[in-house]
Colleague: 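Following this message is one structure expressed as structure tokens.
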Amino acid sequence: MTGAAFPAPATLLALAQAALLDQLDRDDPAHARRRLLADLSQALGRQARWLDDTAAAPQTTADGHLVLPLRHLGHALGSLCLQPGDGLSPADTAQALAGITRTLAALLLHERKSSVL
């Protein structure tokens, strides 16, 4: 992974915090999830999207996309998929984006629980 591949850890933390505050303000986890993905895409300079299928482990697909599993409290909640980019190793990316993936997984779980009510 190159140093330029990711924003500073403080920037990534701020993205996660903004999404959580948005959830508290609006009580709309789907909106907070979409905002987090849009803000992450902008910060990374490449598309970040949610996939419904949960990857077994961080991995690079045949077409170069990087996929990180999303799990929270024992629930498989899909995957974070990043558009191909230079220097994105699965292990380093998972570590760098741990706060983002935890936040995204928590929002997804809350979104699923909210839709059942």
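We number each residue from 1, following the sequence as shown.
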Colleague: Which heavy atom of Pro69 sits nearest to which heavy atom of Pro58, and what is that distance?
Modeller: CD-N, 3.6 Å
Colleague: For the side-chain contact (heavy atoms from CB on, under 4.5 Å) test, which of Pro84, Ser89, Pro90 pairs with Leu66?
Modeller: Pro90
Colleague: Applying the 4.5 Å side-chain criterion to the ILVMFWY set and letting contacts propagate, would Leu109 and Leu51 be lumped into a single cluster?
Modeller: no
Colleague: Do any pairs count as a side chain to side chain donor-acceptor pair (under 3.5 Å) and have a residue in residues 94-109, sequence neighbours left out, and if so which ones?
Modeller: none
Colleague: Output every pair passing side chain to side chain donor-acceptor pair (under 3.5 Å) with a member in residues 62-71, not counting sequence neighbours, ordered by first then second residue.
Modeller: Thr61-Asp63, Asp63-His65
Colleague: Can you give the donor-acceptor pairs under 3.5 Å from side chains of residues 74-82 to other protein atoms, not counting sequence neighbours?
Modeller:
residue, atom, partner, partner atom, Å
Ser79, OG, Asp53, O, 2.7
Ser79, OG, Ala55, N, 2.8

Colleague: Please say yes or no: joined through hydrophobic side-chain contacts below 4.5 Å, possibly via intermediate residues, are Leu40 and Trp50 part of one cluster?
Modeller: yes
Colleague: Apply salt bridge (charged side-chain N to carboxylate O under 4.0 Å, His left out) to Asp52 and list each qualifying residue two or more places apart in sequence or on a separate chain.
Modeller: Arg112
Colleague: Does Ala30 have any side chain to side chain contact (heavy atoms under 4.5 Å, CB included) partners at least two apart in sequence or in another chain, and if so, which?
Modeller: Asp28, Arg33, Arg34, Glu111
Colleague: Taking side-chain hydrogen bond (donor to acceptor under 3.5 Å, both in side chains) as the definition, give me every residue that meets it alongside His110, ordered by chain and number, with sequence neighbours left out.
Modeller: Gln23
Colleague: To the nearest 0.5 Å, what is the distance between CG (Leu44) and CG (Leu97)?
Modeller: 6.0 Å
Colleague: Report yes or no: do Leu24 and Leu108 belong to one cluster of Ile/Leu/Val/Met/Phe/Trp/Tyr joined by side chain heavy-atom distances under 4.5 Å?
Modeller: no
Colleague: Can you list, pair by pair, the side-chain donor-acceptor contacts under 3.5 Å of residues 6-13, counting residues two or more places apart and other chains?
Modeller:
none

Colleague: Between atom CG of Leu37 and atom CG of Leu15, what is the distance when rounded to the nearest 0.5 Å?
Modeller: 11.0 Å
Colleague: Run the salt bridge (charged side-chain N to carboxylate O under 4.0 Å, His left out) test against Arg26 and tell me which residues pass, sequence neighbours left out.
Modeller: Asp22
Colleague: Hey, could you give me the NE2/CG distance between His72 and Leu104, rounded to the nearest 0.5 Å?
Modeller: 11.5 Å
